[in-house]
Amino acid sequence: MWAMGIVTRFPPSPTGDLHIGGARTALFNWAFARHHEGQFVLRFEDTDRARSSRASEAAMLEALDWLGLGFDPAPGPDPIPRQSERLEHYRAAVEKLLAAGHAYRCICTPEEVEAMRERARAEGRNPAYDRSCRNRSIGADEPRPWCVRLRIPEDGQARWIDLIAGPSGQELAELDDFVLARTDGTPVYHLAVVVDDHEMGISHVIRGREHMTSTSRQLLLYQALELEPPRFAHVPLLVDASGRKLSKRQASVSVQSYRERGFPPEAVLNFLARLGWGSGDLEVFDARELVRRFTLEGVGRSPAGIDEDKLLWLSQQYIKSLPAETLRRYARPFLEREAGGPVEFDAALVRLLELLRERSRTFEEMAQRARFYLHDPVEFEPKAARKHLKPAAREVLADLRSTLAELSNWTDAGLEAAIHEVLARRELPLGKLAQPVRVAVTGSAASPGIFETLCVLGSARSLVRIDAALAYIDAHA
RNA sequence: GACCCCAUCGUCUAGCCAGGCCUAGGACACCGGGCUUUCAUCCCGGCAACGCGGGUUCGAAUCCCGCUGGGGUCACCA
């Protein structure tokens, strides 16, 4: 099939942050559309007025943008249609169904319907609306409040070839005459989706597996409306550690939360794509490569869980190889948060970032490791100080201090020469000096190479810190 | 409960549709070793899976049936 016809969509309910599962669905829709050089459009399903908000819409767009999922404007007046603003369209569809006899008015109250379901359950049947109003021919002039239901054929089945799940379907007898329009005239999900997908020219509906059973009902609606249905593809669920559907309530499942923890968007995108989709042994790939390779055949059929260790690993792969400029841009907010104010990317900080990118899995970690550079004075980690700032180290440290005070070229090579000079004088291995100095200048027993670290910190700050370490040793002797 | 779906290392997966190339491959994690001034990177090695039972076949992870386990859906929510 050709490119021109492919249009996919991502229709979030703007009721919070973009959920990681939603992000993956969006990603698949996006990748599929881009792979076929088609269109990827958005729409807000905000018919639940109480829970929807503009703030959430903004959050959704921001998350999508952060991931790099660009979208195309939908056909029609609004680039991103809102269901709440398309009520006339749904109403027209309901009128059409009513006129054609595919739908009927129902005056049963929610309480009555609930009682029917109870009764059915009690009798061991499936809970369903008992179709009391199906043949009552209730007109628009009916004084009692009425809703509109779809008249589902007595028998037959709804079938479709799911592009991921394969041949799928359901017996019509299993379905009940579901509501299309509420008593207040507003449409219910199934109707709105069908009308929208059709009017937006959607060719492929790629959505979560939890919508699988909705598909039968929607297919019936397409039929009643005499519209050609799109192709469907149901993506397996994202599950938690116990195998259940990932709930929105669980911590750390919004895209925003990953962003805040300092994962590069490239890593999150890569990670998400690997959840349920694969292309041979390929593990690390960028958006371009994903688009090039993405097919629905490559999407698995079983649910996947989130392995945070793998995300961390992937994240580090990206942090290690990001272009320097991108690295700075991504790191900035984290460094500034750590510094408590604006940071300037001078030569030393730029160098430090290069040293840190090899040992940081997230930007949050990177900022923590940069703390010794961002703050004065440095705080000695108790454990590290206890182990390395001992009286035994005092003399070498003092020796180094005076040697460094004289050092004219504060460079990696100059520092290395100076340190080896002291080592030779004292007949000590490098480790005996490197660790105490490391703790002295970074406060920690772990840091980038000691020459580089001193070089980045600079002469003045380094000497002050060595003095402080000397004082610490004296105070704790 | 009804309907539908899923099932390969702890995790993500390759292989399954077109049975033999699979004593099941890769990645993460884990364990061991190398490199090394610390941490990390990097390199080498190791542990570890076809849920169970029947078929079909010369031969099954791959095909069929059953079972077990897990999940999804059953609204005037989306």
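Everything quoted here is computed from the prediction, not taken from an experiment. Within every chain, numbering begins at 1; the chains are lettered A, B, ... in the order of the sequence lines, protein sequences first and strands thereafter.
Side chain A/R438 to base B/rU37: a donor-acceptor pair is found below 3.5 Å. Taking 3.5 Å as the limit, the base of B/rC39 and the side chain of A/R359 contain a donor-acceptor pair of atoms between them. Put simply, the side chain of A/E210 and the base of B/rG72 share no donor and acceptor less than 3.5 Å apart.
For B/rC4, neither phosphate oxygen OP1 nor OP2 lies less than 4.0 angstrom from any side-chain nitrogen or oxygen of A/T213. Distances shown here put every side-chain N or O of A/K387 at or beyond 4.0 Å from the OP1 or OP2 atom of B/rU38. In this structure, A/R117 reaches the B/rC76 phosphate: one of its side-chain N or O atoms is under 4.0 Å from OP1 or OP2. Applying the 4.0 Å criterion to OP1 and OP2 of B/rC42, one finds that A/K320 has a side-chain N or O inside that range. Between A/R125 and the phosphate of B/rA2, there is no side-chain N or O to OP1/OP2 separation shorter than 4.0 Å.
At the heavy-atom level, A/S13 lies under 4.0 Å from the strands shown only through sugar-phosphate atoms. Counting non-hydrogen atoms under 4.0 angstrom, A/G278 reaches nothing in the nucleic acid. At the heavy-atom level, A/G276 lies under 4.0 Å from the strands shown only through sugar-phosphate atoms. At the heavy-atom level, A/T183 lies under 4.0 Å from base atoms of the strands shown. Among the heavy atoms of the strands lying under 4.0 Å from A/P303 are primed sugar atoms or P, OP1, OP2 only; no base atom is included.
Annotation: the span from A/L220 atom CG to A/L172 atom CG amounts to 5.0 Å, rounded to 0.5 Å.
With a 6.0 Å cutoff to the six-membered ring centre and a 45° limit on the axis angle, A/R461 counts as a cation-pi contact of A/Y373.
No hydrogens or angles considered: nothing links the side chains of A/T109 and A/R144 as a donor-acceptor pair under 3.5 Å.
Taking a pair to require two hydrogen-bonding distances under 3.5 Å in either a Watson-Crick or a G-U wobble arrangement, B/rA27 pairs with B/rU11.
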